Amino acid sequence: MNTLIKIYMNATANQQDGDEVSISKTFTAPVQMKLNAAINETKIIPLGIRTATGYQSVNDVVISVIDDTNNRFSLCTSQNGTFSTSITMSGITDTNKIFYLKGTSTDTDYPTVDRAPSIKVTAAITQVS
């Protein structure tokens, strides 16, 4: 699948680096976060979003967490801001724009690999002229 907008782990702001996150629940390169539920651990990790070279977003790009039945994951455009289930960004180009994913656990959680939650990106992309 030739996707014109992608998410990256280990990305640097305004660069074209990082490790591409797998799409469509293929799990070849998923976003991973290990949490210690015994201590109610919370982690925040940076992710990058960018278009393919020669493309840019049109209007707003909405990034959301879906299928998170336990409400354990949230997003924010800054590391210390207010996290929610969706964020809106604009001006996405072919260099990384950073956003943050927060995962939380509680001491009532059982050890598991939760593959249900996904990150959904809704965007209109156009070729740069």
Side-chain angles (χ1 to χ4, degrees):
M1 177 182 291
N2 184 6
T3 304
L4 296 177
I5 192 165
K6 296 179 182 177
I7 295 175
Y8 297 84
M9 296 178 289
N10 306 310
T12 307
N14 302 313
Q15 299 295 312
Q16 291 182 326
D17 63 355
D19 303 312
E20 185 180 326
V21 173
S22 56
I23 60 173
S24 302
K25 296 207 179 243
T26 59
F27 305 111
T28 55
V31 174
Q32 295 185 39
M33 185 180 295
K34 293 182 182 180
L35 301 171
N36 184 343
I39 60 170
N40 298 311
E41 187 173 22
T42 296
K43 284 187 182 175
I44 298 173
I45 59 171
L47 298 171
I49 185 169
R50 71 174 186 261
T51 63
T53 301
Y55 293 87
Q56 65 186 13
S57 65
V58 179
N59 303 319
D60 290 338
V61 173
V62 177
I63 306 169
S64 54
V65 177
I66 59 170
D67 299 328
D68 181 18
T69 57
N70 293 318
N71 300 312
R72 299 280 191 242
F73 298 97
S74 54
L75 304 165
C76 190
T77 56
S78 67
Q79 189 169 2
N80 299 316
T82 302
F83 282 77
S84 64
T85 56
S86 69
I87 57 174
T88 301
M89 302 175 81
S90 61
I92 307 298
T93 65
D94 63 355
T95 59
N96 293 324
K97 196 159 194 177
I98 303 298
F99 66 99
Y100 298 86
L101 173 69
K102 179 166 82 171
T104 60
S105 64
T106 66
D107 55 12
T108 59
D109 291 337
Y110 292 98
T112 185
V113 174
D114 189 355
R115 290 188 168 179
S118 294
I119 298 172
K120 178 181 177 183
V121 176
T122 305
I125 306 298
T126 188
Q127 195 166 16
V128 177
S129 47

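Just so you know, these numbers use all the heavy atoms, side chains as well, and skip hydrogens, waters and symmetry mates. A quick note: this is a predicted structure, and the numbers were derived from the prediction, not measured.
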*Counting distance only, does the side-chain N/O of N40 pair as donor-acceptor with the main-chain N or O of D107 below 3.5 Å?*
yes
*Does any non-hydrogen side-chain atom of S57 lie less than 4.5 Å from one of I125?*
yes
*From CD1 (I92) to CG (N59), nearest 0.5 Å*: 12.5 Å
*Please check if V65 and I45 belong to a single hydrophobic cluster, counting links between Ile, Leu, Val, Met, Phe, Trp and Tyr side chain heavy atoms closer than 4.5 Å.*
yes
*For K102, enumerate each residue passing the side chain to side chain contact (heavy atoms under 4.5 Å, CB included) test, keeping only those at least two apart in sequence or located in another chain.*
T42, I44, S74, F83, T104
*Which pair of heavy atoms, one from M9 and one from A29, lies closest together, and at what distance?*
CE-O, 4.0 Å
*Hphob cluster co-occupancy, V121 + Y55, side-chain heavy atoms under 4.5 angstrom*: yes
_Please give me the minimum heavy-atom distance between M89 and T77, naming the atom from each residue._
CG-CG2, 4.0 Å
*asked:* How close do T106 and R72 get, counting heavy atoms only, and between which atoms?
replied: OG1-NH2, 3.3 Å
*Should D60 and S90 count as side-chain neighbours, where that means a heavy-atom distance under 4.5 Å?*
yes
*Taking all atoms of both residues into account, what is the closest heavy-atom pair of A123 and I5, and its distance?*
CB-CD1, 4.2 Å
_Nearest non-hydrogen partners of S86 and L75, listed with the distance_ = CA-CD1, 4.4 Å
*Kindly indicate, with the supporting measurements, whether the criterion side-chain contact (heavy atoms from CB on, under 4.5 Å) is fulfilled by D68 and T85.*
CA-CA 9 Å; D68 181 18; T85 56; over 6 Å; no
*Considering only heavy atoms from C-beta outward, does the side chain of I63 approach that of L47 to under 4.5 Å?*
no
*Shared ILVMFWY cluster between L101 and I98, side chains joined below 4.5 angstrom?*
no
_Any donor-acceptor N/O pair, K43 side chain to K34 backbone, under 3.5 Å_ = yes
*Under 3.5 Å: donor-acceptor pair, side chain of Q16, backbone of D94*: yes
*Mind checking the CD1-CD1 spacing from I49 to I87? Nearest 0.5 Å is all I need.*
8.0 Å
*M33-Y100 co-clustered via ILVMFWY side chain contacts under 4.5 Å*: no
*May I ask you to decide if K6's main-chain N or O and T3's side chain share a donor-acceptor pair within less than 3.5 Å?*
no
*Mark yes or no for whether N96, through its side chain, and D17, through its backbone, hold a donor-acceptor pair below 3.5 Å.*
yes
*Of all the heavy-atom pairs spanning T95 and N14, show the shortest one and how long it is.*
CB-C, 3.6 Å
